[in-house]
Amino acid sequence: MEKALPSKEKPTLVVLIGPTGVGKTEISIRLAQLFHTDIISADSRQLYADLKIGTAAPTEEQLAMVKHYFVGNLKLEDYYSAAQFESEVIALLNTLFEEKKVAIMTGGSMMYIDAVCKGIDDIPNIPDDIRTMIKQRYVDEGLESLCAELKLRDSEYYRQVDLKNPKRVIHALEICYTTGSTYSSLRTRPNKERSFDILKIGLTRPREELYERINQRVDTMMQQGLLDEVRRVYPYRTSNSLNTVGYKELFNYLDGTWTLPFAVEKIKQNSRIYSRKQMTWYKKDDSIRWFHPEKDQKEVVDYISSIIFQKNSI
RNA sequence: GGUGCCUUAGCUCAGGUGGUAGAGCAUCGGACUGAAAAUCCGUGUGUCCUUGGUUCGACUCCAAGAGGCACCA
């Protein structure tokens, strides 16, 4: 039931998670100021410089208050992955923890957070030509053909994958081609040792309250000029960075297939769905301690303090 | 005022010689280790508008009523 007490000498990574729109950004800043530390953003879309409004990235003022990492430093066409995030964050933490006892990581990208907390397998990057080739074969021959090939090349993974999910099947084949080995042999799922303790704080609200905030936030984004932001990035619309709630819907409006009010409704709806998928992911993680972002403000601080104080005073 | 058509799941609609009903979307649930705000999977009990009649049995047929749409006056 009780987790092992944090070791006395290790620094602490406070991981602040919760569904989109719950209010992570504000609290993360307050905590960072309180504990005199920096914020690592774990958000696969706030990484991009040109997606400020639609991703509800921290504002200029907020960025000025606390040092943030991994916000707004990629170009729309840049490739990025959870594995890259893992290694860059670990490297950064090694530096940060030379000076500080605490760091804060916050964001909604569940896989990025798991990559940092649990680690991710070492798998070589896929060369562009292989990626293109398999993608083309998917278009030409269809998923079934790729599944048949996966069965031959990696029968073990074939038995585990969701054969209806093209991304998974394609990725497995990419790895087979790139490494000459099987994907399953590389999926060792190590629980990587970290040189720091992890303290997971979950923020949540009753669903109605969350939905209400999400809907309002979308209206606010529109008032702040989301549509102009979307127009500006339109030329890059096929980039993965723009396969994103808030952008893909408005592309449909700009293309004339949806009306503006319908597109805005869809942004709200897809944001709500996203928040639910995040909650589904978090349900499996019983190391998360849950709080209400407004009602439990004091409790959050007390909880973190008690853990850190305990460590550094014993 | 007359004639015709419509009224079925939150929404748009399908359906049946009379044996209490089904699709898409929404909702909700789930999977998920290199594109993850992605990708994928699962999930449908609702006075079949109301009342009365025929019938062993009506959402289905008949009548009246209510609401909607179209056309004619």
Side-chain angles (χ1 to χ4, degrees), chain A residues 17-22 24 41-48 51 53-57 74 76-88 107-128 130-132 134-135 138 143 147 157 160-175 178-179 183-192 207-208 211 214 217-218 221 226 236 238-251 258 262 265-285:
Chain A
I17 55 189
T20 190
V22 79
K24 296 186 290 294
S41 165
D43 187 304
S44 70
R45 294 302 189 269
Q46 288 180 13
L47 288 164
Y48 295 92
L51 306 181
I53 299 174
T55 63
L74 292 186
L76 293 170
E77 61 272 36
D78 287 343
Y79 173 83
Y80 204 71
S81 70
Q84 268 168 275
F85 185 73
E86 178 199 10
S87 58
E88 288 174 23
S109 299
M110 297 85 77
M111 196 165 84
Y112 281 30
I113 285 168
D114 278 1
V116 170
C117 295
K118 300 181 190 162
I120 204 168
D121 285 321
D122 284 323
I123 289 171
N125 285 325
I126 311 297
D128 283 344
I130 290 183
R131 175 153 282 182
T132 314
I134 297 189
K135 200 181 280 179
Y138 171 60
L143 184 58
C147 286
Y157 188 64
Q160 302 165 12
V161 239
D162 177 356
L163 291 168
K164 290 180 178 172
N165 190 328
K167 286 205 176 190
R168 302 274 155 73
V169 174
I170 288 171
H171 184 233
L173 275 181
E174 284 173 346
I175 289 163
T178 304
T179 64
Y183 183 28
S184 45
S185 68
L186 297 168
R187 290 177 101 230
T188 56
R189 299 175 155 272
N191 236 324
K192 292 185 187 169
R207 185 165 287 187
E208 276 197 19
Y211 280 8
I214 288 172
R217 191 172 72 166
V218 173
M221 286 176 181
L226 213 215
Y236 298 94
T238 54
S239 300
N240 180 252
S241 57
L242 288 169
N243 187 181
T244 300
V245 174
Y247 297 85
K248 52 185 178 184
E249 295 86 355
L250 288 174
F251 289 149
W258 287 358
F262 184 78
E265 260 328 290
K266 277 293 178 188
I267 294 174
K268 291 177 182 175
Q269 183 185 83
N270 287 332
S271 300
R272 280 182 249 126
I273 290 174
Y274 175 50
S275 74
R276 255 188 281 129
K277 285 197 290 193
Q278 289 172 308
M279 290 308 293
T280 299
W281 186 288
Y282 300 139
K283 275 178 203 164
K284 288 182 296 192
D285 190 343

Rounded distance in Å - CZ (A:Arg168) to P (B:C32): 8 Å

Atom pair distance, as rounded to whole Å: CD in A:Glu265 and C1' in B:A26: 12 Å

Base partner of B:A64, which must satisfy Watson-Crick or wobble distances under 3.5 Å: B:U50

Aromatic plane relationship, A:Tyr112 with A:Tyr80 - under 30° parallel, 30 to 60° tilted, over 60° perpendicular: tilted

d(CD1, A:Ile130; C1', B:A35) in whole Å: 17 Å

Sugar-phosphate only, base, or nothing, as touched by A:Asp78 at under 4.0 Å among non-hydrogen atoms: nothing

N/O donor-acceptor pair under 3.5 Å between A:Arg217 side chain and A:Lys268 backbone: no

Gap between atoms OH and P, on A:Tyr274 and B:C40 respectively (whole Å): 17 Å

Atom pair distance, as rounded to whole Å: CZ in A:Phe262 and P in B:A26: 9 Å

Pairwise C1' distance, B:C32 and B:G42 [rounded to whole Å]: 15 Å

Partner nucleotide, any strand, of B:A38 [Watson-Crick/G-U, under 3.5 Å]: none

A:Ser275 side-chain N/O to A:Arg272 backbone N/O, donor-acceptor pair under 3.5 Å: yes

A:Met111 side-chain proximity, nearest of B:U27, B:U39, B:A36: B:A36

A:His171 NE2 - B:C32 C1' separation (whole Å): 13 Å

Sugar-phosphate only, base, or nothing, as touched by A:Tyr183 at under 4.0 Å among non-hydrogen atoms: sugar-phosphate

Selection from B:A35, B:U33, B:A38 that lies nearest to any side-chain heavy atom of A:Asn243: B:A38

A:Tyr274, OH atom: more than 12 neighbouring heavy atoms under 6.0 Å: yes

Nearest listed nucleotide, side chain of A:Tyr79, among B:A31, B:G34, B:C41: B:G34

Integer angstrom distance from the C1' of B:G44 to that of B:G24: 12 Å

Whole-Å P distance, B:U3 and B:C49: 23 Å

Nearest-Å distance for atom pair NZ/C1', residues A:Lys118 and B:U33: 10 Å

Selected nucleotide, minimal atom distance to A:Ile273 side chain, candidates B:U27, B:A37, B:C41: B:U27

A:Lys284 to A:Trp281, cation-pi by 6.0 Å centre distance and 45° axis angle: yes

d(CG, A:Asp121; P, B:C32) in whole Å: 14 Å

Aromatic ring pairing A:Tyr247/A:Phe251, orientation class (parallel under 30°, perpendicular over 60°, tilted between): tilted

Touch class at under 4.0 angstrom, heavy-atom based, for A:Tyr48 against every strand present: nothing

Side chain of A:Arg207 (C-beta onward), nearest among B:A35, B:G29, B:C40: B:G29

Counter-base of B:C69, judged by Watson-Crick or G-U geometry with both distances under 3.5 Å: B:G4

Candidates B:A36, B:C40, B:A35 - which lies nearest the side chain of A:Arg131: B:A35

Mate of B:G24 where both pairing distances stay under 3.5 Å, Watson-Crick or G-U: B:C11

Candidates B:A37, B:A31, B:U27 - which lies nearest the side chain of A:Lys277: B:A31

Selected nucleotide, minimal atom distance to A:Lys283 side chain, candidates B:G30, B:U39, B:C40: B:G30

Given B:U39, B:A26, B:G34, the nucleotide with the shortest approach to the side chain of A:Ile123: B:G34

Base paired to B:U45 (Watson-Crick or G-U; both N/O distances under 3.5 angstrom): none

